[in-house]
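To keep things clear, I will list the structure first and then write my remarks on it.
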Amino acid sequence: MRRFCHVPRGRLPAAASHNHQPLPPPEWIEPYPDLADPSPYASASAAPPTPSPWLPRVISLILRSPPATLAADLRAFCKTFLLRLSPAFVAAALRSPQLAPHPLPSLHFFRSLPNGADLLAHPQSLISCYVSLLHSFARSKETAPDAAGQARQLVAELRAHGDAVLQHLTPASSASLIRSLAALGLSEELLWAWQAMRLAGVEPTRLTYNCLLDGLVNAGLLDTAINVFDAMSTEDRVRPDLVSYNILIKGYCRAGRLQDAMAQLADMREQAELAPYSPMYTALIDSMGKFGREKEAMALFERMKASRIELDAVTYGVVVNRLCRFGNMDEALTCFRSCVEKGVAGNAIFYTSLIDGFGKAGMIDQAQELFKEMGTKGFVPDSYCYNVLIDALVKAGRVDDACALYKRMEDDGCDQTVYTYTILIDGLFKKHKNEEALKFWDSMIDKGITPTAAAFRVLANGLCLSGKFSRACKILDELAPMGVIPETAHEDMINALCKTGRFKQACKLADGIVKKGREIPGRVRTMMVNALRKAGNTDLAVKLVHSKIGIGYERSDSIKRRVKFQTLFE
DNA sequence: ATAGGGTTAG
């Protein structure tokens, strides 16, 4: 039996706007009025609680309102209808499926709450808000700008609330937290969350364990992951399952420890009779190929075929990709066709590998043919697919066609990625279309796409090769306030300068970086030596080799000083 | 719900 729960508990607009009498104080609104004020029959009812009608209204206000005015809009809304958002209401709004796909509006809402909406007095709701926000950023980490950075900030805030709040972590909120942090690749925060969960007395489930394992493996913390796996193995309740094994095998594969991965596979095979081994074999075949052990990869594929393990689209996809990477296009195409004949459905990923293979082999016609074919088969090209074809066109010297395809991506509603821009910028510089290349760089930044080290490398190379060294420096400086410093940016600039024979400038840049407290990796020295040699500047190359430039210190006036790169020219 | 595959670069 339900009460009149469809009636909003706040005052209705008509009542508020025509009321000239003194107004009563605002009323708290709860997300689920029937729970806030339960009738004796409520618990007997199997029906889910009915959300307050205010919930969708507030949510649509959050989604409609620009960030700059959201706080004021919320205040006005609450004033008009004489209501106050309860902590549980705020938490429910952030948890709602309507807000979950929109991390930024959600975050703005959270930040615009008057007096923090009393959340501090309600740690359960406070935790729920943070957990929902983190979940929201995790699921849109590809599209939300700097999702990981935002998430890191949120975790720092949550941590700062201390144990009094964190002891209210529930099994569900801890699990969600761990899943989100693992997905975002925040390993330090992930380990903290694990500890906080244990401190709150929450027992991890196998799923939570697996999420932790996967997060650690993806962050490259294999040793920690192995410890976690061993800890699982000693506890009956959460013994490693197929997924745990798979994650660990992936970790070994990525670290190049293929022997250990094989041993893990054998270990797994002892544990169970007929299990879905396909993912483990696939990971191994893929890694064997990527570490240059093509023969062993194919041997493993044959072993898989001989056993009764099912070969699915992913396994075939890996094999086709390895053949394409090897330039073995006949065999790749044959493998793909036979896979389809066996009833395993093709997909866009197969086509991406094949188009890329043909493109890299300089067979642009075949690449375009396959792009057409996939359309007729009903597979929709995604950004990977567009990127490989754009790359193929660029490599064939057809930059204009590549740019046309870039436009078509837009029309097809397919998001351009940092790869798209890197490929095009590189191609345009190689055709000496510098201004166009810079335009693409700007539109990438405008779109909120974070340039990678590779993206900056093609820009720095292109600009330095055409003598526009200072322009490259300026762009690098502009990135810093955005929190973007491509890892190898300085190194790449030095490299580009050396390649064009501007050694003095390269040395000046290197010294400037050291002065800012950054280290110059040893390989920069090696690279400089090689470039000097190549330029026929043997004397300077020899001088550099026998000096302590970039690696050591000298004493003068009993003061220890770094040996500057510029001393090369003294 | 957690696990395996595709795109830059010398």
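Just so we're on the same page: letters track the sequence lines, and every chain starts at 1. Any value given below was found using the heavy atoms of this structure, including those in side chains, with hydrogens, waters and symmetry copies removed.
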- For each nucleotide in nucleotides 4-10 of chain B, reading 5' to 3', give B when a protein heavy atom comes within less than 4.0 Å of its base, S when such contact involves only the sugar-phosphate, and - otherwise. BBBBBB-
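Judged as a salt bridge (charged side-chain N to carboxylate O under 4.0 Å, His left out), and not counting sequence neighbours, A/R502 has no contacts.
Residue pairs meeting the side chain to side chain donor-acceptor pair (under 3.5 Å) criterion with at least one member in residues 178-198 of chain A: none, sequence neighbours excluded. Counting only residues at least two apart or in different chains, salt bridge (Lys or Arg N to Asp or Glu O under 4.0 Å) contacts with residues 330-346 of chain A comprise A/R337-A/E373. Listed by first then second residue, pairs satisfying salt bridge (Lys or Arg N to Asp or Glu O under 4.0 Å) with a partner in residues 345-369 of chain A read A/R325-A/D356, A/D356-A/K360, A/K360-A/D391, not counting sequence neighbours.
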List the atom pairs, with distances to 0.1 Å, where a side-chain N or O of residues 430-441 of chain A and a protein N or O form a donor-acceptor pair under 3.5 Å, not counting sequence neighbours.
unit_1	atom_1	unit_2	atom_2	d
A/K430	NZ	A/D426	OD1	3.3
A/K430	NZ	A/D426	OD2	3.0
A/K431	NZ	A/G397	O	3.4
A/K433	NZ	A/D400	OD1	3.1
A/N434	ND2	A/S466	OG	3.0

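Between the CZ atom of A/R179 and the P atom of B/dA1 there is a distance of 9 Å, given to the nearest Å. One interatomic measurement links the two molecules: CE of A/M232 to P of B/dA3, which rounds to 14 Å at whole-angstrom precision.
When heavy atoms are screened at a 4.0 angstrom cut-off, A/L207 is found touching base atoms of the nucleic acid.
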